[in-house]
**Student:** 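The structure's right below; bear with me while I get my questions together.
Numbering of residues begins at 1 and proceeds along the displayed sequence. Only heavy atoms go into these numbers, but all of them, side chains included; no hydrogens, no water, no symmetry mates. Note that this is a predicted model, so its numbers are computed, not measured.
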Amino acid sequence: MNKKRLIISLLAIITVFGAIVGSYVYRDTIYSRIARTAAVVSGQEIKPLLDSESRYIRQIVAQDNSTSRTIMWQSDSSEADAVIEYRLAGSENTQTIGATDKVFTDDGSTTYIHEATLTGLTPNTKYEYRVGYGSDRRSDWYSLETAGASVYDVLIYPDSQSGDYSQWEEIVKDSAHRNPRTALYISMGDLVDNGEQDYQWRTWLNSIRPLSANVPLATTLGNHEMYTLDWKMREPYAYLNYFAVPPNGNEIFNRRYYSYDFGDVHYVVLDTMLYESNHEDNHDTHHPDLYDVQVQWLRQDLAANTKKWTVVLMHRDPFQYAFDRPGASRDVGFDEEGVLFMPIFDEFNVDLVLSAHLHSYRNRGHVRNFDRDASGPLYILTGIAGDARRPKWKEHPLDVYVAPDRDKNNYMTMTVTPNKLIVKAFLPDGTQLDESVIEK
């Protein structure tokens, strides 16, 4: 048997075996071993990358995920010849593109960030990719599937900020295991407790490994991403460097708010970080024009939307919850973000609005013109996935469902079908808390 036939036979074996196993993890591991054997047979020895050379390999959503996808990873030293190789699953025809080699230093720690966006992909198609340097150093192969199928699953994670990220890590691992068809996962902001502290970012990026290399991530900017080590306000430098989400066309606020399409859903991710601190009564602003600029962009974005479904993601919750505590109190109603953005959601017939920040899972049902209305968007406060806790807010008159134990973590799923959005909430052990169905 000649070299070419041997390689084709090896690839055929992994394709058949991968289809039987049906697992990204097993397919990638076995494929990597066979691909390396094939490389030796063909005379091109591939050197596997060390951990320090390929940290935190991750997919990030692109603007149109049916034809493009962003790949990122990091190394401990500069690698000017960083590349990404990609191909149709099971194919030998590999394309190569260059990636960045950008140095980023924060909290006394330096990392080199490598990033590139694959474009011109075919919708609803399975690809494979790997990262590396030069012509002979490569990572394992990972799976990449473009959007386009009418049905897909999404994992949604509320605030994961923690002192100890073990609870968050378990939620990711277990939820990913229970949802093997996940095509997209979303973080609702406050990924970490302190946006300048390097070890928290390293811990967070390591904790998403069950998903990160094979499933695209969409992040939302939270207030904790904007804190210095001494809890002052700063630009979200680490967040913006670690997550190359799609641009929004604004140089000052680039990537802080953005939108992307995935299948027949248009996702809009807002930046609700107008205020300087986490204190609800502090109205000093970091960028006073943030909301004015963003409202103009939002209207243009929604007016251009051609997808059947529209989902908005925002960290701060548009509803205002009452509380009484020494030295402070607040009435029930709607906060500034709600007063500003909710009429726009009504105007453009947004289907679903997901928020976070208050560390409590609450389903408020459909609301239009600040009142119960079946024709309005469905509003859900997504809950908490880390170990930080917030005050026990009083119930809002529009609450339809409140998680019975507010000290327990949760995560969410959304199944997108041609005629329904099915949204569910779960405890970490997989017990279902709540379910909503939007039909259109």
Side-chain angles (χ1 to χ4, degrees), residues 15 18-28 59-70 88-90 118 121-129 142-157 172 174-188 208 210-219 246 259-269 305-313 349-354 363 366 377-378 380 382 410-426 430 432-440:
T15 300
I20 295 172
V21 174
S23 165
Y24 284 138
V25 175
Y26 293 129
R27 285 205 305 270
D28 292 338
Q59 293 186 36
I60 306 294
V61 292
Q63 206 137 43
D64 180 357
N65 290 279
S66 64
T67 59
S68 54
R69 188 69 48 80
T70 296
L88 291 171
L118 311 183
L121 305 178
T122 302
N124 199 25
T125 300
K126 293 181 179 180
Y127 289 85
E128 300 159 341
Y129 76 94
Y142 298 101
S143 300
L144 184 159
E145 186 168 354
T146 53
S150 59
V151 177
Y152 67 89
D153 294 336
V154 185
L155 273 168
I156 301 162
Y157 297 113
V172 174
D174 293 343
S175 61
H177 177 73
R178 294 189 195 101
N179 297 272
R181 300 186 310 164
T182 298
L184 166 69
Y185 67 115
I186 292 169
S187 169
M188 291 301 302
I208 61 172
L211 294 166
S212 57
N214 298 306
V215 182
L217 165 66
T219 56
S259 65
Y260 62 96
D261 292 334
F262 203 103
D264 209 12
V265 183
H266 182 64
Y267 295 86
V268 178
V269 184
N305 175 28
T306 60
K307 297 298 183 179
K308 178 173 183 176
W309 305 98
T310 306
V311 175
V312 170
L313 312 170
N349 296 311
V350 167
D351 298 291
L352 174 65
V353 179
L354 299 177
N363 184 336
H366 294 268
L378 173 65
I380 294 180
T382 54
N410 68 279
Y411 66 94
M412 296 178 60
T413 65
M414 180 174 70
T415 300
V416 179
T417 77
N419 301 311
K420 294 180 181 179
L421 296 183
I422 305 168
V423 186
K424 300 179 181 180
F426 298 88
Q432 184 172 320
L433 290 173
D434 188 32
E435 179 176 347
S436 299
V437 178
I438 307 172
E439 298 187 60
K440 185 163 65 175

**Student:** In terms of relative ring orientation, are Phe426 and Tyr411 parallel, tilted or perpendicular, with 30° and 60° separating the classes?
**Tutor:** parallel
**Student:** Got Tyr267 and Asn65 here, is their nearest side-chain heavy-atom distance under 4.5 Å?
**Tutor:** no
**Student:** Pair Asn419, Thr417 - check side-chain hydrogen bond (donor to acceptor under 3.5 Å, both in side chains), show working.
**Tutor:** CA-CA 6 Å; Asn419 301 311; Thr417 77; over 6 Å; no
**Student:** Roughly how far, to the nearest 0.5 Å, is the CG atom of Leu118 from the OH atom of Tyr127?
**Tutor:** 9.5 Å
**Student:** Shortest non-hydrogen contact from Ala176 to Leu211?
**Tutor:** CB-CD2, 3.7 Å
**Student:** Could you state the interatomic distance from CH2 (Trp309) to CD1 (Ile438), rounded to the nearest 0.5 Å?
**Tutor:** 6.5 Å
**Student:** Once you round to the nearest 0.5 Å, how far does CZ of Arg69 lie from OG1 of Thr67?
**Tutor:** 9.5 Å
**Student:** When you check the gap from the basic side-chain N to the acidic O, do Arg181 and Asp153 get nearer than 4.0 Å?
**Tutor:** yes
**Student:** Would you say the side chain of Pro418 lies within less than 4.5 Å of the side chain of Val151, judging by non-hydrogen atoms?
**Tutor:** yes
**Student:** Taking the side chain from Thr125 and the backbone from Pro123, do they hold a donor-acceptor pair closer than 3.5 Å?
**Tutor:** yes
**Student:** Is any side-chain heavy atom of Tyr152 closer than 4.5 Å to a side-chain heavy atom of Val265?
**Tutor:** yes
**Student:** Is it true that Ser175 and Tyr157 share a donor-acceptor pair across their side chains at a distance under 3.5 Å?
**Tutor:** yes
**Student:** Report the distance from atom CG of Leu421 to atom OG1 of Thr415, rounding to the nearest 0.5 Å.
**Tutor:** 9.5 Å
**Student:** Does Lys307 reach the main-chain N or O of Gly263 with its side chain, forming a donor-acceptor pair under 3.5 Å?
**Tutor:** yes
**Student:** Inspect the surroundings of NZ in Lys420 and state if more than 12 heavy atoms from other residues, nucleotides or ligands are less than 6.0 Å away.
**Tutor:** no
**Student:** Got a donor-acceptor contact below 3.5 angstrom from the Glu128 side chain to the Tyr142 backbone?
**Tutor:** no
**Student:** Considering non-hydrogen atoms only, spot the tightest contact between Glu435 and Ile422 and give its length.
**Tutor:** OE2-CG2, 3.7 Å
**Student:** Do the non-hydrogen side-chain atoms of Leu144 and Leu121 ever get within less than 4.5 Å of each other?
**Tutor:** yes
**Student:** Heavy-atom distance under 4.5 Å between the side chains of Tyr185 and Val172, does that happen here?
**Tutor:** no
**Student:** Taking all atoms of both residues into account, what is the closest heavy-atom pair of Met412 and Ile380, and its distance?
**Tutor:** CE-CG2, 3.9 Å
**Student:** Quick one: pull up OG1 in Thr382 and CD1 in Ile156 and give me the separation to the nearest 0.5 Å.
**Tutor:** 8.0 Å
**Student:** Could you report the tightest heavy-atom contact between Val61 and Thr70, atom names first, then the distance?
**Tutor:** O-OG1, 4.4 Å
**Student:** Please confirm whether the backbone N or O of Lys440 pairs with a side-chain atom of Lys308, one donor and one acceptor, at under 3.5 Å?
**Tutor:** yes
**Student:** Side chains of Ser436 and Asn363: any donor to acceptor distance under 3.5 Å?
**Tutor:** yes
**Student:** Heavy atoms only: give me the nearest Leu352-Met414 pair and the separation to one decimal.
**Tutor:** CD2-SD, 3.7 Å
**Student:** Under the side-chain hydrogen bond (donor to acceptor under 3.5 Å, both in side chains) criterion, do Asn305 and Thr310 qualify, and how do the steps go?
**Tutor:** CA-CA 8 Å; Asn305 175 28; Thr310 306; 2.8 Å; yes
**Student:** Taking the side chain from Thr146 and the backbone from Thr122, do they hold a donor-acceptor pair closer than 3.5 Å?
**Tutor:** yes
**Student:** State, with a plain yes or no, whether a side-chain heavy atom of His177 is found less than 4.5 Å away from one of Pro210.
**Tutor:** no
**Student:** What's the shortest heavy-atom distance between Ser68 and Ala62, and which atoms?
**Tutor:** OG-CB, 3.3 Å
**Student:** Determine yes or no for a side-chain-to-main-chain donor-acceptor pair under 3.5 angstrom, with Gln59 supplying the side chain and Leu184 the backbone.
**Tutor:** no
**Student:** Considering only heavy atoms from C-beta outward, does the side chain of Val416 approach that of Phe262 to under 4.5 Å?
**Tutor:** no
**Student:** I need the Lys424 NZ to Asp434 CG distance, nearest 0.5 Å.
**Tutor:** 11.0 Å
